[in-house]
Amino acid sequence: MILKIKNLTAKTIIGVYNDEKLRRQKLVVNAELDYDEGKSPQSDSINDTMNYHPICDKITYLLESGDFHLIEYVCEEIGKICLSTPQVRSAKIEVDKPEAPLKGVDSVSVTKIFTR
């Protein structure tokens, strides 16, 4: 089964330029997690599936407490968080930086697929 986390947004310190280090910027995370849903489609019980709240909480904590240079690094760390959940078989992670300091660009993003 695929679980999608759409537009998880948090403010963090991200960038290589001095002015980027002086303010928090928004990052937007989208994730597609291929996971073993267990018996949850039949049981309708949280005990039989993956709880996605801890994953979202860990990603938010990473972003809000971090001080990063590159969105590639952030993407890698989020992939590690997702794969640390036993039911997750693979994860496609996109990290979007909509406040990148580029004229005429809405945003910059990276995407990576992580597998066990």
Side-chain angles (χ1 to χ4, degrees):
M1 191 163 283
I2 303 293
L3 172 78
K4 292 184 179 183
I5 299 169
K6 297 182 180 183
N7 300 323
L8 185 154
T9 304
K11 295 264 187 169
T12 192
I13 301 294
I14 181 84
V16 295
Y17 301 113
N18 289 336
D19 62 323
E20 291 183 294
K21 295 294 183 183
L22 300 175
R23 62 182 172 84
R24 293 187 161 285
Q25 295 182 68
K26 178 169 57 171
L27 288 184
V28 180
V29 175
N30 287 289
E32 292 183 22
L33 308 179
D34 177 16
Y35 73 103
D36 178 0
E37 72 275 11
K39 296 183 273 180
S40 63
Q42 293 79 34
S43 70
D44 196 27
S45 172
I46 187 71
N47 296 324
D48 291 332
T49 193
M50 175 186 68
N51 184 347
Y52 52 83
H53 285 152
I55 296 171
C56 292
D57 290 345
K58 288 175 186 176
I59 294 169
T60 300
Y61 177 79
L62 171 76
L63 297 177
E64 290 179 346
S65 64
D67 183 346
F68 311 104
H69 290 124
L70 304 174
I71 56 175
E72 293 89 343
Y73 178 83
V74 174
C75 186
E76 192 73 24
E77 293 303 302
I78 293 170
K80 289 176 187 176
I81 289 170
C82 294
L83 289 184
S84 72
T85 302
Q87 296 95 330
V88 175
R89 296 183 283 239
S90 66
K92 180 179 177 183
I93 307 299
E94 178 189 37
V95 178
D96 187 41
K97 185 179 176 183
E99 298 172 359
L102 299 167
K103 287 185 178 182
V105 175
D106 288 337
S107 70
V108 175
S109 69
V110 296
T111 301
K112 184 172 180 179
I113 297 172
F114 298 86
T115 58
R116 293 195 181 274

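Hydrogens, waters and symmetry mates play no part in the numbers below; they use all other heavy atoms, side chains included.
Atom CG of D44 has 12 or fewer neighbouring heavy atoms from other residues, nucleotides or ligands inside a 6.0 Å radius. Heavy-atom contacts from other residues, nucleotides or ligands closer than 6.0 Å to NZ of K39 number 12 or fewer. N18 CG: 12 or fewer foreign heavy atoms inside a 6.0 Å radius.
Heavy atoms only, all atoms of each residue included: E99 and K26 are closest at OE1-N, 3.2 Å. Annotation for G15 and E20: closest pair CA-OE1, 3.2 Å, computed over non-hydrogen atoms. Across V28 and P98, no two heavy atoms sit closer than the pair CG2-CG, 4.2 Å. Heavy-atom minimum distance, L33 versus A91: CD2-CB, 3.5 Å. Residue Y35 comes nearest to I2 through the heavy atom pair CE2-C, 4.1 Å, listed as atom of the first residue, atom of the second, then distance. Heavy atoms only, all atoms of each residue included: G38 and D36 are closest at N-OD1, 2.9 Å.
Residues I13 and V29 do not share a hydrophobic cluster, defined by chaining ILVMFWY side chains whose heavy atoms lie under 4.5 Å apart.
Atom-to-atom distance recorded for L27:CG and I78:CD1 is 7.5 Å, nearest 0.5 angstrom. To the nearest 0.5 angstrom, E37 atom CD is 10.5 Å from S43 atom OG. For the atom pair CD (E72) and CD (E77), the distance works out to 13.0 Å, reported to the nearest 0.5 Å.
Using a 4.5 Å heavy-atom cutoff, the side chains of I71 and I14 are in contact. Within the 4.5 Å cutoff, no side-chain heavy atoms of M1 are placed close to those of R89. For the pair N7/N30, a side-chain contact is recorded, criterion being any heavy-atom separation below 4.5 Å from C-beta on.
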When the side chains of residues 101-113 are checked against the rest of the protein, which donor-acceptor pairs come out under 3.5 Å, sequence neighbours left out?
{"unit_1": "S107", "atom_1": "OG", "unit_2": "D96", "atom_2": "OD1", "d": "2.8"}
{"unit_1": "S109", "atom_1": "OG", "unit_2": "E94", "atom_2": "OE2", "d": "3.3"}
{"unit_1": "K112", "atom_1": "NZ", "unit_2": "E76", "atom_2": "OE1", "d": "2.8"}

Anything under 3.5 Å between a donor and an acceptor, one on a side chain of residues 49-66, the other on a protein residue two or more places apart or in another chain? List them.
{"unit_1": "N51", "atom_1": "OD1", "unit_2": "H53", "atom_2": "N", "d": "3.0"}
{"unit_1": "T60", "atom_1": "OG1", "unit_2": "C56", "atom_2": "O", "d": "3.0"}
{"unit_1": "S65", "atom_1": "OG", "unit_2": "Y61", "atom_2": "O", "d": "2.6"}

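Counting only distance, with no hydrogens or angles, the side chain of R24 and the backbone of A10 share no donor-acceptor pair below 3.5 Å.
Comment: D34 does not engage K92 in a salt bridge, judged by the lack of any side-chain N to carboxylate O separation of less than 4.0 angstrom.
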